[in-house]
Protein chains: 2
Amino acid sequence: MNSLEEVDDFVKNGHRHYLPHLSIDPVIFGYHDQQLKILLLKWKGLNGWGLPGGFIQRREPLSQAAHRILQERTGLESIFLQQFHIFGDSPYRLQERSTSEFRANYGLEVNDDNWLFERTLSVGYFALVDYSKVSVRTDFFTEDYQWWDVKQVPPLLFDQSEVVEKALATLRLQIYHQPIGYNLLPEKFTLPEIHTLYETILGKELDQRNFSKKLVALGLIKKLAEQRAIGPHRSPYLYQFEKEAYEDALKQGIVHTY
Amino acid sequence: MNSLEEVDDFVKNGHRHYLPHLSIDPVIFGYHDQQLKILLLKWKGLNGWGLPGGFIQRREPLSQAAHRILQERTGLESIFLQQFHIFGDSPYRLQERSTSEFRANYGLEVNDDNWLFERTLSVGYFALVDYSKVSVRTDFFTEDYQWWDVKQVPPLLFDQSEVVEKALATLRLQIYHQPIGYNLLPEKFTLPEIHTLYETILGKELDQRNFSKKLVALGLIKKLAEQRAIGPHRSPYLYQFEKEAYEDALKQGIVHTY
DNA sequence: GCAAAAGTGTTAAAGTTACACCCATGA
DNA sequence: TCATGGGTGTAACTTTAACACTTTTGC
């Protein structure tokens, strides 16, 4: 959605294609430089950072809508995506929004009863992606994008800070029940990498020896013959997930602690 | 909503008061006769069993809507209620519904574009209630209600069987993180009662000695001086929850297994 | 006294935690 | 050779799992 005509059509006629009152807000997690990051967009006019949200087509299954929105933004076809909450309590979600601000910001005419400005609840999804494979597209409404360390997320638009917090809390809760390592790391990774990833997500230290001992003992990862050169230090071995064992273990939630 | 005028107004003008495209489906759990039960309504016209759902008012916070709907149905003011999923994938949720069937069943005129017959997604909530305190109200659309053993729930309307299954799965997952015993049992209960409750929810046997040992050792429940007479058998002692210890433990998810 | 349900302790096994030194690498 | 990060094993402790007999009650 880039040309003015497309945008105008979306604003004026979007309600024929999309459900009103309901949007999808995806929290996209990636991992890079030993930091857990989320992808935010800078919204034009609103002049603030927010989630790369979108709307549900009238005849489109909900989960398909979530995948489509993610695909349109990141180019990723098949990603781990999970619904975690629906937000409908925040004061921002109870009010209708001002159309005059919109006119001033974008120079587009809108009626006061335009569908985009009615009360909107939002379904929160979180996505786990391989940071290196994402290529972000911006559009008419978004002038910039940036990966933010979850520890340093700026205040977000509307109630979206709450959405991000809840996504993080859910990620922590589900870390032993979802294929989190599997989706956030590249295919081959080192022990220090996965160790730091888990420490970062949980926000606490995990004993290095116990952590790797357990992952290997459970057969969730296997050591490869290759090593990675990391400069003037000992070269760490590369590991790979044992996909079947990993997914079996997650089903049973076998992996309790490290 | 009992008189024909009220119903007619709801059908024709409901969209001014309620959000279209979105409903709330509560799965109400109770415990009685050593069975985990859910409350179902028999819908008139549709001639089948379904959840006691309702709609969200246009300016009403989502969680407040869920409480209101429950309160209207069960008379309960303060109940444990938790959102667990939003359903928007089922074929039933993608189609608009037939207005002609409605005309035939209820003898009320509706336009084809009536708000009640548009695609509707649904927010699933589960409630844990003290079975003995519920007094159900039926209305124009519902001719009967019944508590059903979760093991013998009949096929439900639309995709609601899926909603109930997901509620049960969530209940099992959260059994060590939510005050489940606290909300499903009366204030005073016996060890065999809480033991059977947990076995029923989890669908598996729990060692009797280990179970009670752990609850008591953690200080979650305390033995009272009273006993309950249960006929020609040894009288079991009554127990009570230690509310603070119980809620602290749940926060940390301390209670792993029994 | 008999049938039915409640109550009670110990032991082996498994899992978790704590902890420190040597190794490999490139500059 | 030095600075930096990687790799490895053992022992104490905690938690869990398995298991059977005696007591109480009302008829």
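Every chain is numbered from 1 and lettered A, B, ... according to where its sequence line falls, protein lines coming before strand lines.
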Base versus backbone protein contacts along nucleotides 9-14 of chain D [heavy-atom cut-off under 4.0 Å; B, S, -]: BB----
Residue pair B/Gln152 / B/Gln35, side-chain donor-acceptor N/O under 3.5 Å: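 No pair is found: no donor N or O on one side chain lies under 3.5 Å from an acceptor on the other.
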A/His85 versus B/Gln83, side-chain donor and acceptor atoms under 3.5 Å: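 Side-chain D/A pair, B/Gln83 to A/His85: present.
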Ring centre gap for A/Tyr198 and A/Phe211 strictly below 6.0 Å: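 Here the rings of A/Phe211 and A/Tyr198 have centres that are less than 6.0 Å from each other.
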Test of ring centre spacing under 6.0 Å for A/Trp148 and A/Trp49: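 Under 6.0 Å, so yes.
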Separation of [N] [atom2] from [X] [atom1] (nearest whole Å):
X: A/Tyr237; N: C/dT25; atom1: OH; atom2: C1'; answer: 13 Å
X: A/Ile194; N: D/dG6; atom1: CD1; atom2: C1'; answer: 16 Å
X: A/Gln208; N: C/dT17; atom1: CD; atom2: C1'; answer: 15 Å
X: A/Phe189; N: D/dG6; atom1: CZ; atom2: P; answer: 15 Å
X: A/Leu215; N: C/dT16; atom1: CG; atom2: C1'; answer: 15 Å
X: B/Leu191; N: D/dT24; atom1: CG; atom2: C1'; answer: 15 Å
X: B/Glu205; N: D/dA17; atom1: CD; atom2: P; answer: 14 Å
X: B/Phe211; N: D/dA17; atom1: CZ; atom2: P; answer: 14 Å

Parallel, tilted or perpendicular: ring planes of A/Phe29 versus A/Phe126, cut at 30 and 60 degrees: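 Perpendicular.
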Whether B/Phe189 and B/Tyr239 hold their rings parallel, tilted or perpendicular, with breakpoints at 30° and 60°: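 If you compare the ring of B/Phe189 with that of B/Tyr239, the planes turn out parallel.
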Before accepting this row, confirm whether a basic side-chain N of the pair [X]/[Y] lies closer than 4.0 Å to the acidic partner's carboxylate O.
X: B/Arg73; Y: B/Asp139; value: yes
X: B/Glu162; Y: B/Arg93; value: no
X: B/Lys133; Y: B/Glu77; value: no
X: B/Lys188; Y: B/Glu226; value: yes

Distance test, side-chain N/O of A/Lys214 to OP1/OP2 of C/dT16, below 4.0 Å: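 Yes, A/Lys214 has a side-chain N/O under 4.0 Å of OP1/OP2 on C/dT16.
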Cation over ring face, B/Lys44 and B/Phe141, 6.0 Å, 45°: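 Here B/Lys44 fails the 6.0 Å and 45° test against B/Phe141.
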Divergence of helical axes at both termini of the helix from C/dG1-D/dC27 to C/dA27-D/dT1 - five pairs an end, 10° steps: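 Between the axes fitted at each end of the helix from C/dG1-D/dC27 to C/dA27-D/dT1 lies an angle of 0°.
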Sorted by number, the residues of residues 221-234 of chain A with heavy-atom contact under 4.0 Å to DNA chain C: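 The answer is A/Gly231, A/Pro232, A/His233, A/Arg234.
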